[in-house]
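Heavy-atom basis, side chains included; hydrogens, waters and symmetry copies ignored. We name chains A, B, ... by the order of the sequence lines, and we start the count at 1 in each one.
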Amino acid sequence: MEYKDTLVMPKTKFPMRGNLPNKEPVRRQQWEENNIYEKVQNKTKGRPIFILHDGPPYANGDLHIGHALNKILKDFIVRYKSMTGFHAPYVPGWDTHGLPIETALTKKKKIDRKKLDIVEFRKMCTEYAMDQLDNQRTQFKQLGVRGDWDNPYITLTKNYEAAQIRVFGEMAKKGYIYKGLKPVYWSPSSESALAEAEIEYHDKRSPSVYISFEVTDGKELLEGGEKFVIWTTTPWTIPANLGISLHPEFEYAVVNAGQDKYIVAHDLLETVSEELGWDNPEVLKTFKGKEAEQIITKHPLYDRDSIIMLGDHVTMEAGTGCVHTAPGHGEDDFYVAQKYGIKALCPVDEKGVLTEEAPGFEGLFYDKANKLITEKLDEVGALLDLKFITHSYPHDWRTKKPTIFRATSQWFASIKDFRQDILKEIKEINWYPHWGETRLYNMVRDREDWCISRQRTWGVPIPVFYGEDKTPIITDETIEHVSKLFKEHGSNIWFEWEVKDLLPKGFKSEHSPNGTFTKETDIMDVWFDSGSSHEAVLLEKEDHRRPADVYLEGSDQYRGWFNSSLSTAVAVTGKAPCKTIISHGFVLDGDGRKMSKSLGNIMQPNKVLKQLGADILRLWVASVDYQADVRISNDILKQVSETYRKIRNTVRFMLANTADFDPKKDKINEADLAEVDRYMLHCLQNLVSKVREGYDKYEFSTVYHEVHNFCANELSSFYLDFAKDILYIEAEDSSRRRSIQTVYHEILITITKLLAPIIPHTAEEIWEYIPGVEEESVQLTDVPEAREVAGFENQLEKWAQIMHVRDDVLKALEEARNEKVIGKSLEAELTIIPKDEKTKEILTNIQNLHQLFIVSRLNISDANDRAKSYQYVDILVEKHPGEKCERCWISSETVGDDKDYPELCTRCATIVKDHYSEA
RNA sequence: GGGCCUGUAGCUCAGUCGGUCAGAGCGCACGCCUGAUAAGCGUGAGGUCGGUGGUUCGAGUCCACCCAGGCCCA
């Protein structure tokens with residue numbers, strides 16, 4: 001007789017290896033065909049709502065690993081909430097306007113925009129964006145992200161644009177929208193504003209001049225008559241000069257050079273002296289930049305003040321440390337002047353020609369004006385030096401001609417009017433990690449007004465009309481009308497239709513006595529688009545509400561979406577659009593370096609899916625502390641795969657040993673379970689509580705480590721290992737065996753649910769193998785709460801001690817193995833000498849201790865000379881003198897007692913006689 | 001240059017109020033098993049807690065500076 005045939009061996013078709021790259025797509029298709037998203041929504045309908053509102057990715061290009069990190073984290077949360085008492089719909093979104101798409105179209109698709117009319121071009125942009133969206137959607141789904149993929153929100157749709165117009169209108173109504181000047185890259189050759197992406201740098205020859213400004217009011221600090229020295233390569237901006245900027249912390253020196261006293265940064269004195277030919281200038285006094293604030297100098301050409309201002313943009317890298325400031329011709333200049341309430345002056349028209357605001361030079365092209373202005377400066381004695389240099393200078397990428405900075409008319413949102421409200425709301429938000437609050441707070445606190453104008457075509461038009469006297473017209477009536485029109489026809493009509501058709505019928509204004517109007521041609525900053533999603537999505541989508549529960553984006557979005565969403569939401573509603581903000585870090589390579597093409601260290605999600613599978617990538621996401629920057633490499637993924645394997649095989653073992661288990665018939669009442677089984681159930685509850693806590697705090701690495709450790713320590717190495725002596729050996733429906741199976745069954749169900757949000761494909765696969773479960777998908781179940789295990793009150797200490805003793809036993813066995821006393825542990829007979837009474841009592845009262853420790857016999861004794869001392873007990877390991885039972889492999893003196901089965905111990909002989917003698 | 005952040009064994013992570021807290025799992029080495037087998041079990045080695053100063057009776061834990069890395073600005 002082959003005794004192996006009388007064993008109840010594990011039996012399952014659940015494969016040892018996941019084969020994820022091949023099986024996951026099938027699984028996803030099955031979900032899609034079964035409308036799993038809808039089923040979950042139907043099941044959870046009526047529960048409290050939990051909204052994780054998706055920040056829209058930009059619809060361009062393939063997904064990178066950062067996209068994957070972001071969407072997978074969101075999926076963890078949504079899936080978990082759906083399984084813990086909430087109704088958590090998830091509507092993905094896309095950001096679809098903006099320059100990158102315009103650029104992609106002109107570059108990749110070789111579209112010449114000049115040859116197309118705006119409407120035509122915008123239609124192509126729409127098409128391109130929708131293609132990109134489709135591509136990204138496919139890839140997101142491949143990550144196993146569950147959501148309403150058929151009905152995403154898209155910023156270019158009519159409804160969205162209409163809602164966005166309302167946000168703009170509401171802000172305008174509150175007086176937050178105003179028109180002002182701001183310098184932008186301007187190309188005189190194409191007579192248009194340029195985006196930064198349309199700038200190329202080429203060498204250009206420019207004059208390099210040093211110019212002096214005489215102090216007329218030195219306040220307490222200077223006497224008057226001293227001359228600040230500035231350096232510039234654009235003399236044509238001197239007519240627009242309104243001040244001089246110093247660095248507040250730099251040291252400045254008043255020096256005697258020739259007949260005059262000049263002021264330059266002390267550290268630059270030497271180089272400036274060299275440039276200007278000063279011979280051993282005498283330092284008369286020094287002062288800090290901040291002491292000179294508000295000192296007044298005279299503009300060298302005009303009868304006008306030029307104020308000393310302070311700014312951090314001043315550097316020691318070049319020049320004199322005193323920076324010529326023309327707020328109409330430089331961004332830094334603009335912001336510094338803004339702080340001092342000085343408005344931009346821009347005496348240059350769109351062709352680059354100086355206007356009558358630059359008396360003496362009107363009608364001159366800026367580059368030509370350089371010469372005349374320099375001559376004039378020389379005439380008045382303000383020119384200290386002139387030479388020419390060649391330097392890198394911004395040029396128009398199309399015309400290849402030099403560009404200038406030029407203040408133009410722009411629309412702004414006045415952040416300062418509701419800054420305090422935003423700051424207050426920032427403090428109301430729950431931040432993960434906590435420092436997010438400080439980061440956004442500082443950013444909003446220091447932020448300038450928001451320029452929402454873009455001189456582009458691919459975006460939502462700024463819905464403003466102008467009267468005949470050029471007065472901007474924004475009224476409730478016009479806003480509502482345009483919003484309605486956009487909702488019906490889309491925003492293309494702004495470019496397609498006559499102005500009169502865009503206005504309400506019979507619209508009249510005191511600014512247009514003849515009834516004619518013009519329309520704004522600027523479009524809105526794309527951050528205004530996505531920043532309006534609280535209105536377009538939270539407010540309008542079914543089952544949604546504002547504020548949302550969670551916003552979760554990369555840490556670059558403090559400046560981006562977090563900022564713009566908060567700004568528009570506070571402006572419109574006075575409240576933050578969400579209760580909690582979570583931010584994640586960036587994905588770096590294995591060495592913690594940023595991924596880049598040049599370093600060749602880019603990890604593509606697509607490749608990971610094909611090589612390892614989505615669940616491995618998802619498990620990686622769960623394994624890292626995502627709130628800081630995270631690392632990924634082949635080695636790291638290999639490690640994650642090992643964890644996956646461990647979890648999978650542990651589960652497989654339990655599935656294989658519950659194949660014959662019918663919970664309806666075979667389940668044992670909790671109170672009747674063996675003690676060690678109740679102990680394991682208790683450990684499981686412990687796991688549930690820790691894992692739930694991890695999810696609740698959005699700390700998924702806790703989930704990962706806890707589940708893995710439970711599989712490795714409690715299960716694989718202990719509970720599954722010793723249980724083989726019961727599962728394989730005892731009769732199939734013996735109560736001891738059913739007791740173990742009852743616990744396995746609960747562990748299986750519980751662990752599968754706990755893992756479902758993280759590795760949904762695998763969890764679903766496991767679910768199919770668990771006997772007796774009724775729900776068609778684990779996604780349609782709820783995660784249990786941790787509970788008290790019957791009959792396990794105050795037993796924890798006892799079991800902790802047993803496990804301690806086990807550690808000692810394992811050490812002792814290993815030593816015996818090394819000394820060739822035994823091979824496997826079943827060959828051993830143990831004699832344990834407890835070091836204290838309490839331990840003795842525990843060890844004597846536990847049943848089948850030898851079975852838990854997987855040895856053939858275990859004696860508890862009071863003393864033994866040959867025993868070795870370990871941490872908790874003394875132990876003697878000997879080779880068991882008995883014969884090995886051919887069936888259970890345990891050594892026993894009873895082998896041979898039963899004459900019918902001379903190779904078996906009495907335990908096995910009885911089992912075989914009772915259950916297998918017929919066979 | 002500024003704002004915010006990260007730096008504990010080869011890797012991924014724990015370390016609550018400063019006082020057995022230097023830990024876990026993986027990997028690695030060595031061994032066992034061959035009735036979870038492209039599995040399973042055991043033991044072991046590994047860390048000046050980024051560096052340097054300081055506060056303290058005592059510091060991964062508090063402070064300062066520095067180094068490396070990241071995001072966002074300039």
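Ion pair A/K879/A/E827 flagged as a salt bridge, since at least one NZ, NE, NH1 or NH2 atom sits closer than 4.0 Å to an Asp/Glu carboxylate oxygen. Between A/K427 and A/E437 no salt bridge is recorded (no basic side-chain N to carboxylate O distance below 4.0 Å).
Here B/rA14 presents its P atom at 11 Å from NZ of A/K697, a figure rounded to the nearest Å. Atom OH of A/Y719 and atom C1' of B/rC41 are 18 Å apart (whole Å). For the pair A/K811 NZ and B/rC30 P, the interatomic distance rounds to 21 Å; values are reported in whole Å. Between A/K646 atom NZ and B/rA39 atom P the separation is 11 Å, expressed in whole Å.
Within 4.0 Å (heavy atoms only), A/E553 reaches no atom of the nucleic acid at all.
Checked against B/rA36, B/rA24, B/rU12, the side chain of A/N709 finds its nearest nucleotide in B/rA24. Relative to the side chain of A/F586, the nucleotides B/rC71, B/rU34, B/rC13 differ in distance, and B/rC71 lies closest. Closest contact between the side chain of A/K594 and the listed nucleotides B/rG31, B/rG70, B/rC4 involves B/rG70.
Applying the side-chain hydrogen bond (donor to acceptor under 3.5 Å, both in side chains) rule to A/Y870 yields the partners A/E815; only residues at least two apart in sequence or on another chain are considered.
B/rG18 sits 23 Å from B/rA24 when the C1' atoms are compared, rounded to a whole Å.
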Residue pair A/I602, A/S596: steps toward the side-chain contact (heavy atoms from CB on, under 4.5 Å) verdict
CA-CA 6 Å; A/I602 293 177; A/S596 73; 5.8 Å; no

